[in-house]
Amino acid sequence: MRKEQKSTMRRYIALVTFAVCLCPLLRSQSYYPLFQPNISYPITWTCEDENNNPVPYATYYFDNYAWDYTNGHFHDSAAHPWSSSSPQNAWDQNGTGSVTVNLNTTIIGQAEGVDVTCYDVYGNPIPLSFNFGVGYPLNYNDDHGIWVLVGGNTTNHGDNSYDHWMTTNAAYGIYYATQEYQTNHPEQGLVAANDQGLPFGGKFDINDRWDKDTQHVSHDWGTAADIRGNGGANGIPRDNSNADQEEFRRYCQDFQAVDTRIEFVGTPNQHIHCRWGF
Amino acid sequence: MRMLVMFLVVNSWLMGAGDLIFPERDHLIASLPVWKGESSYRGGVYIYRTADPDEFVIAWPANTGIPSNPDSHFVVDHFRLQNESIPSISVEVSRRSGDHFYTYSYRVANGAGARAPIWHWTLIDPPEDTGVDISNFGLEHEGFRVNGMPAGEKQVIPGVPPGVYIVWANAKKSIRPGTERTGLIISSDFLPGLTTASFATLSGIETSEELPIPVSDQLLPFQQPEFAEQVRITIGPRFPASTSRSQWTADFARDIRSLGIVMPDLRQSKFIPQLLAFLDACSKGAPCRASPDFKGTTVLPLESEIRSAIEAVLGLQ
């Protein structure tokens, strides 16, 4: 028995047909292959015998699980969701040696796995395991000498190395926008960069909630960045007109952010929010 | 229905010579319900207009997107457009004999009746025009080009491909009502053509809470220049230096015809038909040595600028 991925080329495409042959594999935390959150992927499973031949008329049972404390989620609760297989068991009724079930990914970016047990016609079980990740391929935004990274230790997401991940386009956008503001405001110095995305994106659950909490939902894809504007250190200054923050917001737009605004105005949480389309 | 008609009438009153029309914008705005307090809220509609055509309301229950959330308090925020200026832009296009660089010298004025200063304006540049020189585009640090990003800024002229911004911005020394800025110069080996310029005043969208995605999605149009800012047509670098003269005249003529779709005044011009006939003849191989006699026929400032650009390219100056 062996397990291999016959098609990983399309792993980032929605509704991909993902084919796996089953062979023994220990549970092992992995983000590869990486499936996007909140999508149903048809996956074809093939159970093979010791000679690598498909086993016809086998019955398959699927048991999905999630690894705790992955992708910066340093919290847990009974409500912690993970992906599911649908249906949870399947029979190769046509004797093709394979079955196709849907992997319905969760909204949470994290390391997951599925234990699959394949029974041949004699009832012999073949226990197997398949490891994968849920999320998006993002890039770490270091401070690059222009930012002070903040916010990572306030939302149970570890430290600032876990909440500053973005897509390439968005990372360039916020970088250039920050540079432009600093060029026009040499008195500013470093800029305090707050939440962006988690390492593999997915739900940015600032309130320890695993469901579709409306707050921070625009940070789920690694396309949004918050810039401190609450009067704290290295924030963009605020006043009655918020002219400086408006200026920064507009530079985000110049560098092709599609959604920019000043949020939580007049509160201790005031910040500039910039979101890119991809 | 009555509100729609009234709105369109008001808009037509406000139109000036050479103004652009944006039917999609006007239709969307006219379709917004009027905000008269929380009783105006309709489920799933988060943006409302007000009696002031430049002021809008964002309204949403806090649990939008997650109905099971018991915290359903109602949030209402107001925002204004950044269109409270009366900009006019003019450009002189020139090329020194024997030089393959074109100089684009802009003058931007803000009308005396404007309610706010212009602190930021843009024109759209082709993404391939990476050699453009913006070192004289205003004072130090006032001008920059958006390098390193894909072409994402839409032109309002139908059929003209998107590009990246060349930006002039100075929040501290903005162009106040009744004043102007000159000496905003760029040079490029790209041949001139029509492009979009947008002018912004300070103010923007400020919210008291974070927006759920369905709400922010409805807000996206209001962050586009044709919704939130004043938009004009000007001339800027447009076609690669390798463009043949016959191709350039054909492309320029095509853009002028497209502009007529969104600038009704252009269709009234006596100059434009002559110009198009001239460009069409040039594009088909006719000699373009003599400048056609346009004297006394121009209506809009843009028309004379188009003429000077054509003369610069064809060596008729």
Side-chain angles (χ1 to χ4, degrees), chain A residues 168-170 172-173 175-177 179-186 206-207 209 211-221 224 226 229 238 241-267 269-273 275-278, chain B residues 58 60-69 71 75 77 79 82 119-120 122 140-142 144-153 162 164-167 169-172 174 198 200-217 219-225 228-229:
Chain A
T168 302
N169 183 64
Y172 273 116
Y175 177 82
Y176 290 138
Q179 271 198 327
E180 193 53 46
Y181 183 84
Q182 289 170 323
T183 298
N184 288 290
H185 293 269
I206 57 173
N207 295 326
R209 291 180 58 150
D211 59 9
K212 289 184 179 180
D213 190 337
T214 56
Q215 290 210 329
H216 246 32
V217 67
S218 62
H219 292 259
D220 290 3
W221 302 278
D226 287 345
R238 66 175 177 178
S241 69
N242 287 323
D244 289 334
Q245 297 191 12
E246 165 63 14
E247 189 177 344
F248 194 106
R249 182 201 68 79
R250 177 63 215 213
Y251 292 144
C252 284
Q253 197 171 325
D254 289 339
F255 287 95
Q256 298 177 3
V258 296
D259 183 18
T260 63
R261 59 181 165 272
I262 304 169
E263 291 185 327
F264 291 101
V265 172
T267 77
N269 199 19
Q270 180 168 330
H271 60 261
I272 303 151
H273 176 85
R275 177 164 64 98
W276 278 260
F278 60 96
Chain B
I58 317 169
W60 74 99
N63 64 347
T64 298
I66 176 168
S68 60
N69 187 341
D71 181 7
V75 189
D77 287 313
F79 72 93
Q82 298 114 62
W119 79 276
H120 180 285
T122 64
E140 189 178 15
H141 301 317
E142 281 187 337
F144 64 93
R145 183 179 186 273
V146 174
N147 296 315
M149 300 297 285
E153 307 301 346
V164 298
Y165 282 147
I166 291 176
V167 180
N170 192 334
K172 299 188 184 92
S174 51
S198 304
T201 52
L202 274 173
S203 83
I205 299 173
E206 299 183 354
T207 60
S208 52
E209 296 188 19
E210 194 168 5
L211 297 187
I213 287 293
V215 182
S216 66
D217 281 350
L219 204 52
L220 291 182
F222 293 87
Q223 303 183 54
Q224 295 175 5
E229 302 174 10

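In the text below, chain A, chain B and the rest are named by the order of the sequence lines, each starting its count at 1.
- Both the backbone and the side chain of B:His141 come within less than 4.5 Å of a heavy atom in chain A.
- Of the listed residues (B:Trp119, B:Phe144, B:Tyr165), the one with the most heavy-atom contacts under 4.5 Å to chain A is B:Phe144.
- Of all heavy-atom pairs spanning B:Pro150 and A:Phe278, the tightest one is CG-CZ, 4.0 Å.
- Ionic pairing of A:Arg250 and A:Glu247 is not present here: no N-O contact between side-chain nitrogen and carboxylate oxygen is shorter than 4.0 angstrom.
- By number of non-hydrogen pairs under 4.5 angstrom with chain B, the leading residue of A:Gln270, A:Glu263, A:His271, A:Gln245 is A:Glu263.
- Contact of B:Val167 with chain A is made through the side chain alone, with heavy-atom distances under 4.5 Å.
- Under a 4.0 Å N-O distance rule, the pair A:Asp220/A:Arg275 does not qualify as a salt bridge.
- When B:Lys172, B:Glu229, B:Glu140 are compared by the number of non-hydrogen pairs under 4.5 Å with chain A, B:Glu229 comes out ahead.
- Proximity to chain A is limited to the backbone of B:Ala151, based on heavy atoms less than 4.5 angstrom apart.
- Of the atoms belonging to B:Asn147, it is backbone heavy atoms, and not side-chain ones, that fall under 4.5 Å from chain A.
- Of the atoms belonging to B:Pro214, not a single heavy atom falls under 4.5 Å from chain A.
- Here the closest heavy-atom approach between residue B:Glu210 and residue B:Trp60 is recorded as O-CZ2, 3.9 Å.
- Classified by interplanar angle (parallel below 30°, tilted 30° to 60°, perpendicular above 60°), the ring pair A:His273/A:His219 is perpendicular.
- Highest contact tally toward chain A, considering only B:Val215, B:Thr122, B:Thr207, is held by B:Thr207 [criterion: heavy-atom pairs under 4.5 Å].
- With a 4.5 angstrom heavy-atom cutoff, B:Gln82 touches chain A only via side-chain atoms.
- Around OH of A:Tyr176, the count of heavy atoms belonging to other residues, nucleotides or ligands within 6.0 Å exceeds 12.
- For the side chain to side chain donor-acceptor pair (under 3.5 Å) test, residues two or more places apart in sequence or in another chain that qualify with A:Glu180 are A:Asn184.
- Only the backbone of A:Ser241 comes within contact range of chain B, with heavy atoms under 4.5 Å apart.
- A:Tyr175 does not touch chain B: none of its heavy atoms, backbone or side chain, sits under 4.5 Å away.
- Residues satisfying the side chain to side chain contact (heavy atoms under 4.5 Å, CB included) test with B:Pro221, not counting sequence neighbours, are B:Leu28, B:Phe227.
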